[in-house]
Amino acid sequence: MTVIAEAALDLGDPQLYSSEERFALWREHSAADSLVWSGPGSSPRGFWSVFSHEACRKVLSPTAPFTSEYGMMIGFDAEQPDNSGGKMLVVTDGEHHTYLRQMVAPFLSKAMATTLGEFIEEEVRASVDQALAAGSADVALRIGPSLPAAVVCEVLGVPAEDRERLVELTNHAFGGNDSAFDKMTPSEAHSEILMYFYELVSRRRRSPGDDLVSTMLADGRLGPRDVLVNCNNVLIGGNETTRHAITGAFHALSTVPEALPRLREDPSLLGKAVEEVVRWTSPAMHVLRVATEDVELNGRMLPKGTPVVAWLPAANHDERVFSDPRAFQVDRSPNRHLGFGNGPHHCLGAALARAELAAVLRVLAERVKEISLAAPPKWMRSNLTQGYVGLQVDLH
Ligand code: HEM
């Protein structure tokens, strides 16, 4: 049965997601297949929300009359559009989206993941060994962030001599406001990164290489600003989510002590375990779309221009699709999670994210006997990213 309701709470309020009470909220709404209206607040004109696996899939499906071009997160809508719409991959639709996707895809592909395999494995070994030597670590600060930042630098063709600076800036930019990185605010760090990309674009115009920036420039159809916003898309896409999936892998493994021995004894479980980490952690918390025509959703007609939010962790905890959804099941199968989204904007970096997570699980299974939480996780205050400000673990 679908429940259509006015939210008692503004579902865009980031405070709602900084405690584990959010799981009960999502469970209730996905079980009822709710369609919920949040009035003006976190978003100037308000928005509708869907939660069930089926409703989220429907809104994101390739044939659904919805667009991302006004923006894909709470705060944007037809009257307050994202100014990167129609230029940046994730907020572009139609032919130009296909064109951008085809150009960027080879740099984030399975083949690229294979090429970077050894690099990824070495990075993981170094950070796990460091944590093992210390016996404990704050994974959210010390392990989760570094690998995704390093991989994005590789993909974007950041020269080796600039990498350390870029990884450090990325840590500042995505560490969240309450993070322990105190040299600058996240938005100052993000601006510095954009300035750096601006320089990198100029450098690649003078002396092109075989990297993503040079490829985007060589085509001639994209101006420097288009290249810049798409570098930013890869930067955000590659960092903001993956760091929390990696951190969450440690958290998930701490809840099921037999998971690591099972992975050690049967490495063929690795692929399933990676999918389960993505489902269980669901770092991309919501995606927003705007109706391109009047559309019926969960029994209600919504007029053209209506913003609708799909809550992906709620869909990934839908009991109709996932048995005992809060449990981390290392061999869960089938696992039709929506952690990477669905439809035309399905995560382009999924192969890289999977390779990073597989390396983390493999190295942990090889080297670590047991992971235990030294303190309860500290959650980010965000409506966009489900992630950790702190995850203190002991490694044995
Ligand atoms: C798109 C999740 C890792 C690059 C998306 C979307 C989701 C998502 C849900 C769809 C957004 C929408 O429908 O509006 C995740 C998760 C990750 C991850 C959970 C890690 C566990 C990565 C990585 C990269 C990346 C490692 C690149 C290095 C992108 C790009 C898009 C995208 C470029 C836009 C695709 C398009 O619009 O066609 N991601 N992502 N992501 N992601 Fe990821």
Side-chain angles (χ1 to χ4, degrees), residues 56-57 59-62 64 66-74 76 82 84-94 96-110 112-113 116 120 144-145 147-156 158 170 174 212 216 229-249 252 274-290 308-313 315-316 337-360 384-387:
C56 290
R57 261 193 47 187
V59 169
L60 302 180
S61 95
F66 286 101
T67 178
S68 300
E69 290 229 343
Y70 296 108
M72 50 68 70
M73 52 194 191
I74 292 171
F76 294 119
D82 183 337
S84 299
K87 297 185 187 76
M88 188 201 262
L89 192 58
V90 77
V91 284
T92 298
D93 283 324
H96 194 53
H97 175 250
T98 310
Y99 161 76
L100 288 173
R101 211 171 146 99
Q102 279 169 356
M103 184 154 34
V104 176
F107 293 89
L108 307 180
S109 62
K110 256 190 189 166
M112 180 59 95
L116 292 179
I120 292 175
L147 176 64
V151 166
V152 166
C153 285
E154 285 292 306
V155 166
L156 289 173
V158 171
T170 314
F174 298 102
L212 176 57
M216 285 196 271
V229 294
N230 283 295
C231 285
N232 199 27
N233 193 161
V234 173
L235 175 84
I236 297 172
N239 279 290
E240 202 160 50
T241 46
T242 319
R243 60 176 47 217
H244 298 295
I246 293 174
T247 305
V274 165
E275 297 313 312
E276 181 65 345
V277 167
V278 178
R279 185 197 69 83
W280 195 85
T281 59
S282 294
M285 204 188 279
H286 80 259
V287 288
L288 175 138
R289 298 291 188 263
V290 172
V308 176
V309 165
W311 293 95
L312 302 178
N316 286 342
H337 68 77
L338 300 182
F340 289 123
N342 182 46
H345 292 279
H346 182 270
C347 178
L348 201 48
L352 282 177
R354 286 181 169 123
E356 292 179 44
L357 288 169
V360 169
L384 183 66
T385 308
Q386 174 167 229

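Every value quoted in this text rests on a predicted model; they were computed, and no experiment measured them. In listed order, ligands and their atoms are each counted from 1.
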Has Tyr70 got more than 12 heavy atoms of other residues, nucleotides or ligands less than 6.0 Å from its OH?
no
Do Glu275 and Arg354 have side chains that get closer than 4.5 Å, going by heavy atoms?
yes
Going by salt bridge (Lys or Arg N to Asp or Glu O under 4.0 Å), name the residues that satisfy it together with Glu154, two or more places apart in sequence or in a different chain.
Arg163
Top protein contact for atom 2 (C) of ligand 1, by heavy-atom distance
Gly339 O, 3.6 Å
Students often mix this up, so state it plainly: with edges at 30° and 60°, are the rings of His337 and Phe340 parallel, tilted or perpendicular?
tilted
In ligand 1, the atoms that come under 4.0 Å of a heavy atom of His97 are 36 (C), 37 (O), 38 (O)
Might you work through the side chain to side chain donor-acceptor pair (under 3.5 Å) test for Asn239 and Thr170, ending with a clear yes or no?
CA-CA 8 Å; Asn239 279 290; Thr170 314; 4.8 Å; no
Just distances here: any N/O of Ser68 and N/O of ligand 1 closer than 3.5 Å?
no
Show the numbers, then the answer: is there a side chain to side chain contact (heavy atoms under 4.5 Å, CB included) between Cys231 and Met216?
CA-CA 10 Å; Cys231 285; Met216 285 196 271; 4.2 Å; yes
Given Leu235, Leu156, Val287, identify the one with the heavy atom nearest to atom 11 (C) of ligand 1.
Val287
Count, waters excluded, of protein N, O or S atoms under 2.8 Å from atom 43 (Fe) of ligand 1
1
Candidates Glu356, Arg289, Gln386, His346; heavy atom nearest atom 12 (C) of ligand 1 found on Arg289
Nearest-0.5 Å distance that lies between atom CD in Glu276 and atom CG in Leu357
12.0 Å
For the pair Ile246 and Leu147, evaluate side chain to side chain contact (heavy atoms under 4.5 Å, CB included) and give the outcome as yes or no after the intermediate values.
CA-CA 9 Å; Ile246 293 174; Leu147 176 64; 4.0 Å; yes
Would you mind checking which non-hydrogen protein atom is closest to atom 21 (C) of ligand 1, with the distance to 0.1 Å?
Ala245 CB, 3.8 Å
Identify the closest protein heavy atom to atom 10 (C) of ligand 1: which residue and atom is it, and at what distance?
His345 O, 3.3 Å
In this structure, atom 33 (C) of ligand 1 is nearest to the protein heavy atom Leu89 CD2, 3.7 Å
Go through it in stages, so that I can follow the logic: the residues are Val287 and Val309, the test is side chain to side chain contact (heavy atoms under 4.5 Å, CB included), and I'd like the CA-CA distance, side-chain angles, deciding distance and then a yes or no.
CA-CA 6 Å; Val287 288; Val309 165; over 6 Å; no
